[in-house]
Every structure is written in structure tokens, then in C-alpha cells.
Amino acid sequence: MTRAVLLALLVVARPSTAQGTRELVVNPGGALPTVGMALAQARDGDRIVVRQGVYREPTIVVRHRVTISGDSGAVLDGEGTHAIMVVEANDVTIRGLTFRNTGMSQVEDRAALLVRAARGCRVERNTVRDGFFGIYLQRVTQCVVADNDLLGNAGRQTLGGNGIHVWQSDSVTVTGNVVRGHRDGIYFEFVTMGHVRDNTSASNQRYGLHFMFSDDCVYASNVFRENESGVAVMYTRRVRMEGNRFERNWGAAAYGLLLKDITDSEIRGNSFAENTVGLYLEGANRNLVTGNTFASNGWGLRILANSEANQVTDNTFTGNSFDVGTNSRQNFSTFSGNYWDRYRGYDLDRDGFGDVPHAPVRLFALVVEQTPPALILLRSPVVDLLDFAERVMPMLTPQTLLDARPRMRFPDRTQRGLTGSAESRVTRHESRRP
Amino acid sequence: MNTILKVVRYELRNVVRNRWVIAYALFFLVLTTLLLRLGGSTPRALLSLLNVVVLFIPLVTIVFGTIYWHGSREFTELLLAQPVRRDALFHGLFAGLVLPLSAAFMAGVTLPLLLYGGVARDSLPLLLLMLVAGVALTAVFGALATLIAGIVDDRLRALGVALGTWGLMTLAWDGFILWVTMTFADRPLEQPLLVLTFLNPVDLARVLLILRLDVSAMMGYTGAVFARFLGGWLGTAMAVAGLALWALIPGLFALRAFRRRDL
Amino acid sequence: MISARRIRKRFGRLDVLNGVDLDVARGSVTAIVGPNASGKTTFNRIILGLVRADTGEVTVDGNFIDDDGKYRAKIGYMPQIARYPENLTGRDIMAMLRDVRGPGVVRDEELVDTLRLGPVLDAPLRVLSGGTRQRINAAMAFLFSPDLLILDEPTAGLDPISAGVLKEKIRRERDAGRALIVTSHVLSELDEIADRIAFLLEGSVRFDGSRAELLQATGQSSLERAIASLMGAQPPGPPR
């Protein structure tokens, strides 16, 4: 300890002559009053400590393999006019800093922290306030973005930037972050082998999570809550989404999770609660949707007829205005072993599955599909009458969209195929149920 | 005014009727307690109450109300041979019908909530609106019952007309709306639907409530039109005014009938 | 005290009253006599405002009867068939009427005693016999010392002792200067105490005058025959 302090003093006194790992201390009243000045003297392997204080300086460019770590209260201020930090070197760690106030830009993707064409970066425990874009990774590999807290300025203005934005990168881990008030909370485009885990993305202006063309990524145990449009993911193969919570995404075009042109993916053990549409499948093929909970959504699951060969198994549907909606009498997906709270069948052979198939698409759901204004009749007794008549004498609802093995009982969690870390979080959520 | 209060007091003392009203209150008490046990006080859990408010309150009020007025014949005759104004007696009897039913409904819903320890914060506006809608529907169907009992002398026929009116407003009218939406699906329907909604007190109350829940989001553009109109405070006030009108107009006709009636 | 002019009333297609004129003075008993459905009860109820006349006018002490109903403070009414809220007791109803009439009204509970009502006043009305209800009914009509008493078939269903008590009461009230209207079937013991007899048939007054005048006009020796002759003689000729 004493040696470290001594070393630090030496470094400050004679920064350019020391050998090996040095520590440069940035201090408002000290020899290095700005981060930029410290970086100008830094060499690969150096450690820069930013003491408490507000630093107003031009965009900081990191060109060496350094660790910049902020003391509590170390604030980098973009003064509403410029990006705050750009990292262009490999193996850089940015830790514990507060970035604030980048201002807006119509011409550039101005970010509080931009990592460009680098490998092995770590961005940890930082705070970003009023960033246009928050943390922006561009052509990086093997980077970790962990435990950051981002609160954007979107919503107050018309246009916001994304919270954690990753573009054309590989093997990026985004974990434990909290993102609010941005355009999209977490944005992936052309990313492969990404891991997005344990994040909370809430109250964003558009999507909580938005990715496209990002194959082989895993999204687990995240919470996506109260985003204007929920979560939308597109044009991607081999995605795994496990144990996430999609909650309270209400709005005319809000989805718990929208899958558009997603193929060969797994949606497992997630919870969809109180969304306009829980899970929406459009042109989504060969996906496995299993062990999820759909509770109190407008539509639990909406599946368009251009989605094929999906398997919807072992999910639970409770308290949704419509459990399943579709735009056609055709159906090319399989439903099996789900629990439907509307199921009124019996189980004479006592194998736990109803003996008569369940048709989860209500007639009224079809009416609404064709004539959305008819929704004002929701919860009118006429609608119940209509559905009853259709159940007794099915004529219009798609007879191929049937669950041949509807579960009789609300399944406990072991039956819902949860695995690994996904389980603990979902369990916590589910334990409140009777 | 004095006479009205006296009449209300006599009506409140009427033991047999009170038994009905108490049963009615108990029904809401049990129902609300069950709902709270099962689903908590979130807006979604309150949803099941909505069906009851929209379906059950009109039914009970119109049936009970028709029986009430027929059962009040003797009382009416007795009092009208006294120095009592007809309209004062009418107002007293009307209040004697609507007040206990409204009170039973409100007590049945709010007592369990208080015992449960209040409501979820985002449920409060919905709950208040639901109480308002329930009371308004009680007034509306109380007025309709009054009108029916005032026009149809025969007790059984009056009950038949009452049930028919209820069916018309809860089922037939919605069937008509459904037919309209499906027939004119390719035309702009928002405004006609808004008008059709205002033409039926049950729909007015229902739409007012579901707009606070899920529907406005689910309806997309139409929902936006409705939500803008009925979701705001002005729209809510207009809907409540609409409901008040629905109580006032049949009530005034009933009063006219009551004034001219030969006993 | 009461003056009725050209009273007409139809119920549906049925002409119940067809231009009735009748005056009732203080200090007299007017018997309105007539067969069933001759309009006696309807006439009474028009005076009370329970039934609205189609045309014609009624004044009470010179004032037209109106919606206000205040004039009814001067009237005591004993309906033919008393219909009360069934689960109330006689005492409840008397208390209620007192309440409605307001304070400061002279009360006359004589009949409560003389008709021996004390023991039955606390039973719900629905358990009481027709006669007992009729006695309560009579007591209530006199309860507030009204200037005008309208008694519809008052002795029907009463035992002879009670009927006697009631007749005695009627006489005394007349002597105290009150006006009384008593309706009865064609024949009734009450005709004896009537100062004036109005004979109502098919909606109009066929005879209006004293008992002696009636006998004289019909040339009959008994009231019974006189009335029978009025009913049989179609038309009886203008009696007035």
C-alpha cells in the first residue's frame, strides 16, 4: 500500500521516465488536470486513476492499452456539445466513470463512450447520464460491457440514441446493465456470438432490445419492461432467449417480443406479462417456444400464417384477453402440451392431458383481426356468447391450430423446461403465483 | 325536501327489502374478497369486477326496482291520501331504491379493499371509475325500472319487460354493434361506434372502463380515437354525463307517468 | 265545503263518471249510494287526488284541488279495502302518518280506544283479519280531526258493536260541524244517518236530496223500495 502511494507520487513527479505499469492520477487541481493530458503521457499497460471532480475537455481519445478507472464522483462532462470518449486500442478497461451530457446530434451517432475497432475491451460499472448514444461498440471482438447504469435523455426530446449499441462485432458480453430513457435500450446489428444476460432495459423510447442480423446470440435472464414498443428482433438465426421477462409493454404497436424472420431459435422459460402482444411471430420458422408463461397480455401469442414449423409446447397461458391470435385459417405450426386457463375439457384417462384438443383461437379474435374496431366489444357478454357458439359448433376458427394435448393443471416450474441461470430469476418471479 | 327525506327513511326501514339489499352487498363483499385473494388489487385483477358491474348491476337493479315499485303501491296509496306531494313521494321512493343499492355495491367493493390494506396505486383511478360507473348504472337501471313499473301495471308483465330491456341493452345492442362493425368493416367506424356506445348506458360504462385497461392499446388507431375521447378527463366527464342523462330522461318520463297515474 | 262540477272520468273504454255535480256541506253527512261499479269510489278518489278527472273541477273550501296536496291535510280517508305496507304494524303506520302530517295537528285517538285497538296495534298488518284491519282503518281516518271525512263502505266487514261505535262517532263529528261523505252499496244501515242521499248510477247522479225528498220523489214508503224504483225506472226522470 505504502509502496503504491509512493509509486504514484513518483509517477506524477516523473511520469515519462518510469518503467513497467505506472499509475497516472488525474486530479482537478493536480499536475494532470484532464484525462486527455494523462493519456498524452500514457503508454500501453498504464493505469489512469481519475479523482473526484468534473472534467470538461474535448473528446478523449484512448490509443493505448490502458485502464482508466474513476473514483466515486469522477465525472466526464460533454458539455452538451461533443462525444466524451473514444477508445481505439485493444484491451482497454473503462471503469467507474460517470459520463454525462453529450447533447444531441442529427449528423453523427454521438456516444458517451465509443469503442472502435478494438479487441478485449471492458466497460464496467460506469454511469451514463443524458447520453445521446450511451456505450457504442463498433467492430469489436471479445468485449465485456458489465454493470453500467445508463439513463438517456430520450423522450424529453423527439429523437434519442441507443443505450448500448453494438455493431458488426463478435463475442460481446453485455451483462448486469441497467438502461433507461434511450431510443433502444440494447441494440445489436451484425453481431455474432453475443451474450446478453441479467440486464434491465426499461422505459426506453422505442425498443428495450433490438437486434438484426445477429446470429448465434444468447439472451438470458434479462428484464424488458415498459418500453414504448417492447422488444423487436429480426432477420436472425440460431438465437436463444431464456428466462427473460417481458413486462408491461403497452401501446398500439408494443410487443413483449416480436420475432420477425427469426429461424431455428429457442424461446424458453420466459415470462410475458401485461403486454399488448406477448410474443409475435411474423415469418418466423422452425423455432421452439417452450416453457414460457403468457399472463395477462392483450394477445398472449400472435402468430401470422407466414410462420412455419414452429413448435409451441409446454407453455402456460393465463388471463390473456386473447391467448392466440392469427390472421388466417391456415396454420403451419405445432401446439402441444400447453396449459390454457380457458380449456374446458376433461381427462378421463388421467394422464394429466385433456382428452379433447383445445382450440386456442377465439372466434372473436378472428373478428378483431379483420375488424379491429370490434374490440370495443371486449368483455361484452355478446362476445362470450359468440365464443361459446363457436366452441359448440366450430365453423370459422382455424381447425388446424389445435393443441392436441392441453395440460390439465398449471405446471410447476420443473415441467417448464427451465435450465441454468434462467431458472432462478424466473422462479423468483413465478413464486408469487398461487 | 322534508317529505322526501321522510319517505327515504321509511323505505330504509323496510325490513324485507333490506334483506335483499344486504344479500346484494354480501355478494359484492364475497366476490371482491375472492378476487383480492386470487389476484391482488392490480388493474387486471379488478377486471373480473368489471363484468359484474356491467352485467349484474343492471340485472339486479332493474328486476329489484320493478318489484320495488310494485311493492310500493300500498305505501304510495296510503301517503297520497295524506298532504304529500306526488313528486316529493316519487323522489323519496326513487332515492329509497337507488341509495341502498348503490351503498350496498360500494360497501361490498370497498370494505374488502380496506381490510386488504388498500389498493395498488395504479388501480386507484380504475377503482374510482368503477365505483362511479356502478352507481351510475344503478341510477340508470333504477330509472328504467321506475319507468317500466309506472307504465306496465301488471307485475309479471312488468318483470318481463324489465328483463327484456336488460337483454336488449346488454346483449342485443352489442350484437347490433358487432353486426355494424362487420358489415361496414371497410369504412371508418370510429365515430359511428362512439355514437353507438353513447346510445347504450351499459356500453358506455363498459367502454369507459376497458379503455383504462387493455383495450386502447390493443385497438390501435380506433383505440387512439376512443382513448383520446373517453380516456381523458373531458371524455370521462362526458361519459359520466351521458350516463346521468340516461338516468335523467327515463326518470323524468317516469315522474310524468307517476304524476298522471290513477291509483 | 266541497263542490264538484261536471266530473268525467273514463278508464279505457269504460265511462265511470259521466258529468257528476255534487256539493258537500259542513255539518252534514252525505251518503253516496249506488250499485257496484257506479263510480262511488272513483268519485272519492278524485276528491283525494288519487285519481285524475278527465274534465270537470273540484274545489275544497273554494280552492281548486292541485298537485300540491296540502288541502289533503283537511281530509281523513277510510278506503274500502285498506292496503298498507304489510310488514309494518298499525302503530308504525300511525306514527308515520303523524310524521307526515307534521306537528301541531290535533289528534283524535278516541276510536283507538273505543274500537279496542290497543292489543292489535303492535302486530304486523299482514297477520290481522279483515275486520281488524278495517277497524284500524277507521281509527286512522279520524286520527287527525279532519274537516272532511271520506268513508268508503265503512261498516263493511265490521262487527255490529264496532259498526255501532263508528256510527256514533260519525254522528258526533257531524254535530261538531264536520263534513262527511259516506259511500255505500244500494242498501246500508248508514243511510239512516245520512242527511242527504246522492244516488249514483252508471256514472251520473240520478237523485240528490234528503231522505224524505227521496221517498216523496219516488212515491215509495221505504228507502229500499225508493232506490229499487230508481234503479228499475229507466229513465227515472230528472229528480232535481
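Residue numbers begin at 1 in each chain, while the letters A, B, ... track the order of the sequences.
- Within the 3.5 Å criterion, the main-chain N or O of B:Leu80 finds a donor-acceptor partner in the side chain of C:Arg72.
- Heavy-atom pairs under 4.5 Å with chain C were tallied for B:Arg86, B:Arg260, B:Arg261; the largest tally goes to B:Arg86.
- With a 4.5 angstrom heavy-atom cutoff, C:Tyr71 does not touch chain B via any of its atoms.
- For B:Arg9, the part sitting under 4.5 Å from any heavy atom of chain C is the side chain, from C-beta outward, and nothing else.
- Using a 4.5 Å cut-off between heavy atoms, C:Leu88 makes no contact with chain B at all.
- Counting non-hydrogen atoms of other residues, nucleotides and ligands closer than 6.0 Å to CZ of B:Arg37 gives a total of 12 or fewer.
- For C:Arg52, the parts lying near chain B are the backbone and the side chain together; criterion is any non-hydrogen pair under 4.5 Å.
- Heavy atoms only, all atoms of each residue included: C:Met96 and B:Leu79 are closest at CE-CD2, 4.3 Å.
- Using modelled atom types, no side-chain atom of B:Arg85 and backbone atom of C:Lys70 make a donor-acceptor pair closer than 3.5 Å.
- Crowding of B:Phe253 atom CZ: a count of heavy atoms from other residues, nucleotides or ligands under 6.0 Å not exceeding 12.
- The environment of C:Arg116 atom CZ is dense: over 12 non-hydrogen atoms of other residues, nucleotides or ligands sit within 6.0 angstrom.
- B:Gln82 contributes atom CD, which lies 9.0 Å from atom CG of C:Leu48 (distance to the nearest 0.5 angstrom).
- Within a 6.0 Å radius of CG in B:Leu115, more than 12 heavy atoms belonging to other residues, nucleotides or ligands are found.
- Contacts between C:Lys9 and chain B at a heavy-atom distance below 4.5 Å involve the side chain alone, from C-beta outward.
- Rounding to the nearest 0.5 Å gives a distance of 4.0 Å between CD of B:Glu77 and CZ of C:Arg45.
- Residues B:Leu78 and C:Leu97 are in side-chain contact: their nearest non-hydrogen atoms beyond the backbone lie under 4.5 Å apart.
- Contact detail for B:Asp262 and C:Val51: the closest heavy-atom pair is OD1-CA, 3.3 Å.
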